[in-house]
Protein chains: 2
Amino acid sequence: MRLRKLEVFFLKILDATLLSNLPPFEGIENQDLEDLLSLATSARHAKGQHIFDQGDDANAFFLLLDGHVRVVKITPHGEQIIARYISSGELFGIAQAIGRDTYPANAVAAVDCVVLSWPGTIWQQTVQRYPTFATNTYAMIGSRLQDAQDRIVEMATERVEQRVASALLKLANQTGRKTAEGILIDFPISRQDISEMTGTTLHTVSRLLSSWEQQGLVKSGRQKVTVTEGHRLLMVASGQNRD
Amino acid sequence: MRLRKLEVFFLKILDATLLSNLPPFEGIENQDLEDLLSLATSARHAKGQHIFDQGDDANAFFLLLDGHVRVVKITPHGEQIIARYISSGELFGIAQAIGRDTYPANAVAAVDCVVLSWPGTIWQQTVQRYPTFATNTYAMIGSRLQDAQDRIVEMATERVEQRVASALLKLANQTGRKTAEGILIDFPISRQDISEMTGTTLHTVSRLLSSWEQQGLVKSGRQKVTVTEGHRLLMVASGQNRD
DNA sequence: GAGCGAGTTTGCGTTTGCGCAAGCTTGAGG
DNA sequence: CCTCAAGCTTGCGCAAACGCAAACTCGCTC
């Protein structure tokens with residue numbers, strides 16, 4: 001059961017059509033994609049496995065073909081902060097692009113994953129040879145910078161309640177799957193995970209979810225959250241629910 | 001008095017040597033620098049003047065020749081957050097580089113400034129023509145992404161006291177000037193500014209500075225902070241000052 | 001050199017959210 | 001089907017930091 005999704009992938013032939021529809025590779029010729037693909041290695045990572053760790057030599061960059069990857073920073077005191085979730089089709093671990101030679105965070109498979117990787121050494125020649133790839137990639141880094149700045153503003157100005165609501169909405173939009181009850185976040189996520197995304201404690205998240213469940217905004221269970229009333233949750237996120 | 005620094009600059013001839021020592025332009029031929037310079041416009045901005053505003057069409061990118069620029073984000077509720085300070089020699093407002101067509105923040109002259117600007121339209125051709133410029137620039141964006149991520153971690157895990165101490169140390173390192181009493185932050189900075197960098201209130205910053213002044217870690221006055229005991233302040237920043 | 005206003009200090013009450021502790025639930029694996 | 005540990009809930013007390021208010025101080029301008 002756990003492996004079904006993976007098997008589907010290994011029945012597929014790894015060919016150019018696999019990449020051609022993904023944003024980073026938009027606008028690149030099929031022949032070039034074949035060439036790129038011939039340099040890549042594919043790998044499966046079981047849920048929980050570390051694809052790379054903070055501080056490791058950055059000798060590869062990655063494309064997530066299937067699954068979800070959690071990007072986690074560790075503080076000197078051992079606390080964890082979730083920097084972002086990677087969805088399928090996204091590049092990650094592109095330390096080369098930003099002039100680093102070690103990875104700045106851990107990448108952990110949130111579910112079983114299929115990942116392509118390229119040797120870091122080909123980064124330079126790749127961006128030079130495919131300008132659209134370079135443009136796409138740098139635009140993506142730009143939007144991650146944006147995200148990060150927005151999150152700083154959020155952390156600086158909003159209360160925990162609002163931040164948790166925003167985080168759930170973002171996840172629901174990004175990776176939500178429509179169900180009978182609402183929008184289900186499509187991978188296992190614990191109270192602890194949510195607290196590490198929002199800079200709070202699992203206790204506070206638990207309390208908030210309980211209270212929202214009573215009010216009918218969400219349904220949640222063990223490592224599972226469904227947003228049932230997005231608009232009302234949005235009001236919480238924007239602070240319009242105060243008396 | 002206020003204009004003395006500026007005048008020095010306008011006595012200088014704008015020539016390639018002006019750029020050649022700045023990190024973004026490292027490794028570019030003198031002739032190429034002359035060409036670049038011929039496309040640039042120079043301007044003075046008085047203290048407090050807005051060089052561009054959040055949401056404006058991004059039709060230029062900038063190089064700070066002299067002075068200090070504050071990059072400020074405004075929230076929907078009207079609160080301000082200082083994203084960073086730009087020191088002389090740094091590029092800023094490079095929305096093009098990250099695929100944006102409006103500026104994501106305000107840029108305000110923290111003191112009288114001298115600024116070069118180029119039309120945004122030449123960004124693409126510039127990065128293509130000068131690969132080292134592209135590399136330098138993207139490495140810089142990468143380090144800003146890093147900074148932002150680090151700040152998120154800081155906001156999520158550290159108390160106000162630690163964040164304020166870190167912010168002061170960062171400013172002192174970045175733009176500090178050695179004086180008889182210690183390291184003076186080299187531009188006017190108010191309690192309010194510091195609070196907008198650290199996600200707190202001017203009251204709390206004032207209380208912290210008062211207490212640190214009593215303990216001899218800093219000296220501070222109206223829009224002025226001198227770090228006198230960097231190592232002890234560093235202990236505060238890392239949380240080692242608790243009983 | 002007098003007056004003004006921006007910037008700063010400080011006290012006090014209040015709120016938010018944390019820390020700790022104890023008990024409960026659930027689902028995966030044997 | 002049973003077990004058990006990982007994940008979740010909840011109560012209680014407490015500390016950090018905010019919000020508000022009032023007073024003060026310094027440096028700039030006229």
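Naming convention: chains lettered A, B, ... in sequence-line order (proteins, then strands); numbering from 1 in each chain.
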Participant: When you measure from the side chain of B:R163 to the backbone N and O of B:T198, does any donor-acceptor pair fall under 3.5 Å?
Facilitator: yes
Participant: Short question: side chain of B:T228, backbone of B:G216 - any donor-acceptor pair under 3.5 Å?
Facilitator: yes
Participant: Can you tell me the distance, in whole Å, between the CD atom of B:Q162 and the C1' atom of D:dA17?
Facilitator: 14 Å
Participant: Mind calculating the distance between CG (A:L209) and P (C:dT25) to the nearest angstrom?
Facilitator: 18 Å
Participant: Any side-chain N or O of B:S210 below 4.0 angstrom from OP1/OP2 of C:dT8?
Facilitator: no
Participant: So do A:T102 and A:R100 actually touch side chain to side chain, heavy atoms under 4.5 Å?
Facilitator: yes
Participant: With a 3.5 Å cut-off and no angle check, do the side chains of A:S238 and A:Q240 form a donor-acceptor pair?
Facilitator: yes
Participant: Can you tell me the distance, in whole Å, between the CG atom of B:D193 and the P atom of C:dA6?
Facilitator: 15 Å
Participant: Going through the checks in order, is the side chain to side chain contact (heavy atoms under 4.5 Å, CB included) test met by A:R44 and A:D112?
Facilitator: CA-CA 7 Å; A:R44 307 154 60 148; A:D112 293 334; over 6 Å; no
Participant: Sugar-phosphate atoms are those with a prime plus P, OP1 and OP2; base atoms are the rest. Using that split, label each nucleotide of nucleotides 3-8 of chain D B, S or - for protein heavy atoms under 4.0 Å, 5' to 3'.
Facilitator: ---BSS
Participant: Apply side chain to side chain contact (heavy atoms under 4.5 Å, CB included) to B:I185 and B:T175, showing your working.
Facilitator: CA-CA 6 Å; B:I185 293 171; B:T175 70; 4.1 Å; yes
Participant: Specify the separation, in whole Å, of atom CZ of B:R207 and atom P of D:dA17.
Facilitator: 11 Å
Participant: Measure the distance from CD on A:E158 to P on D:dA17 and round it to the nearest whole Å.
Facilitator: 19 Å
Participant: Send over the distance from A:E161 CD to D:dC18 P, rounded to a whole Å.
Facilitator: 18 Å
Participant: Mapping A:H203 and A:T200 to their closest nucleotides on DNA chain C, which lands nearer the 5' end?
Facilitator: A:T200
Participant: Report the distance from atom CD of B:E213 to atom P of D:dT25, rounded to the nearest whole Å.
Facilitator: 15 Å
Participant: Could you tell me how the ring of B:H68 sits relative to the ring of B:F187: parallel (under 30°), tilted (30 to 60°) or perpendicular (over 60°)?
Facilitator: tilted
Participant: Side chain of B:R159 only, heavy atoms from C-beta on: which candidate in D:dC18, C:dT16, D:dA17 is closest?
Facilitator: D:dA17
Participant: Distance check: side-chain N/O of B:T204 vs OP1/OP2 of D:dC18, anything under 4.0 Å?
Facilitator: yes
